[in-house]
Amino acid sequence: MATHTFPAEPYPLEFDPESTALLVIDMQRDFVNPGGFGEMLGNDVTPLRSTVEPTRRVLEAARAAGLFVIYTREGHRPDLADAPPTKLARGHLACGIGDQGPMGRVLVRGEYGHDIVDELQPQEGEPIIDKPGKGSFYATDLELILRNRGIKTLIITGVTTEVCVHTTVREANDRGFECIVLEDCVGSYFPEFQEMGLRMIKAQGGIFGWVSNSSDVVSVLQRLEKVAA
Ligand code: TIU
């Protein structure tokens, strides 16, 4: 086992590239892109858009270093049979889940807005987990796939910080995975939730995991590449 270290808070995180995966959470057009569902709800998507370029650099470095890369998307079957009625009703939205939105039916699998943004499209062999909830482990085969690959450490990117990222990190932590969340690769519509969401993860000695950033992690991954070459 080759042990390496990521600079992180509250302290450096040891990892083995063989058992480390990059998880890209819900970088879907409807959440991230101007003109999508998120913006239609009155949110400013700028902080989410700003995660795309750093995440692209992390993806590139992770792929070059041979790390396992895996994606999630939040969404539902076209018949909405997997959407809890409570989720469909929440917010009393004029245009909500399953309705015709600016980029197709909102959060419905197969629609343009439901898919991953162009800049971060998955490559062949990188699984996409379609999840009906906020957490990536609930009602999905993510845990099975990670265990089958012997994954122990998750590099976490995606949106939104306090919703799907937090829920996923908490689920992963309870299952014994070690999560390192990259602060410039996760985004929230609310600056105060971004700050507190990250502080909550690393508080109390890393109660849910670690926090780092794209440039520190990319530097470490690039050095791995040289070791492997
Ligand atoms: N992926 C994810 O975070 N889904 C959300 O609905 N997030 C919101 O912040 N609304």
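Scope of the values below: all heavy atoms of this structure, side chains included, with no hydrogens, waters or symmetry mates. Numbers here are sequence positions counted from 1.
The pair R77-D130 does not count as a salt bridge, with every side-chain nitrogen at least 4.0 angstrom from each carboxylate oxygen. With respect to K152 and E178, no salt bridge is recorded, no charged nitrogen being found less than 4.0 Å from a carboxylate O. R199 and E195 are joined by a salt bridge, as a carboxylate oxygen and a charged side-chain nitrogen come within less than 4.0 angstrom of each other. Using a 4.0 Å cut-off between charged side-chain N and carboxylate O, E39 and R49 make no salt bridge.
Summarising the geometry, atom CG belonging to L93 is positioned 8.5 Å from atom CG belonging to D99; distances are rounded to the nearest 0.5 Å. Of the inter-residue distances, the one linking H76 atom NE2 with E111 atom CD reads 13.0 Å to the nearest 0.5 angstrom. Atom NE2 in H4 sits 12.5 Å away from atom CG in L13 (nearest 0.5 Å). Rounded to the nearest 0.5 Å, atoms CG (L41) and CG (N43) are 6.0 Å apart. Residue N33 holds its CG atom at 9.0 Å from CE of M27, rounded to the nearest 0.5 Å. The distance from atom SG of C164 to atom CD1 of I25, rounded to the nearest 0.5 Å, is 7.5 Å.
Distance alone, capped at 3.5 Å, is enough to place a donor-acceptor pair between the N173 side chain and the I207 backbone. Judged purely by atom type and a 3.5 angstrom limit, S188 has no side-chain atom pairing as donor or acceptor with the backbone of T160. Judged purely by atom type and a 3.5 angstrom limit, K87 has no side-chain atom pairing as donor or acceptor with the backbone of R90. Under the 3.5 Å distance criterion, the side-chain polar atoms of E171 are matched with a main-chain donor or acceptor of F137. Although no hydrogens or angles enter the test, the distance criterion places no donor-acceptor pair under 3.5 Å between the side chain of D141 and the main chain of L144. Put simply, the side chain of Q194 gets close to the backbone of V186: a donor and an acceptor are under 3.5 Å apart. Panel note: side chain E126, backbone Y71; no donor-acceptor pair is recorded below 3.5 Å.
Counting heavy atoms from C-beta outward, D115 and Q121 have side chains that approach closer than 4.5 Å. In this structure the side chain of Y189 reaches within 4.5 angstrom of the side chain of L48, judged on heavy atoms. With a 4.5 Å cut-off on side-chain heavy atoms, T55 and S214 do not count as touching. Taking the side chain as every heavy atom from C-beta outward, V220 and P7 approach each other to under 4.5 Å. Residues K202 and V181 fail the side-chain proximity criterion, which asks for heavy atoms closer than 4.5 Å. In this structure, D16 and T153 have side chains that are not in contact, with every pair of non-hydrogen atoms separated by 4.5 Å or more. A 4.5 Å side-chain heavy-atom check between L80 and V108 finds at least one atom pair inside the cut-off. Contact annotation: the side chain of W210 never approaches that of C179 to less than 4.5 Å [non-hydrogen atoms, C-beta and beyond].
S136 and T168 are linked by a side-chain donor-acceptor pair at a separation below 3.5 angstrom, with hydrogens and angles left out of the test. Inspection of the T3 and E14 side chains reveals no N or O donor paired with an N or O acceptor under 3.5 Å.
Side-chain heavy atoms closer than 4.5 Å link hydrophobic residues (I, L, V, M, F, W, Y) into clusters, and following such links, possibly through other members, connects V218 to V69.
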Next item on the list: In sequence, state the C-alpha distance, the side-chain angles, and the governing distance for R29 and D118, and then conclude on salt bridge (charged side-chain N to carboxylate O under 4.0 Å, His left out).
Entry: CA-CA 8 Å; R29 297 185 181 109; D118 292 344; 2.6 Å; yes
Margin query: Test salt bridge (charged side-chain N to carboxylate O under 4.0 Å, His left out) on E60 and R57; report intermediate values, then the result.
Written below: CA-CA 5 Å; E60 194 174 75; R57 290 195 293 268; over 6 Å; no
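Using the six-membered ring where Trp is involved, H166 and F208 have ring planes that are perpendicular, over 60° apart on the 30 and 60° scheme.
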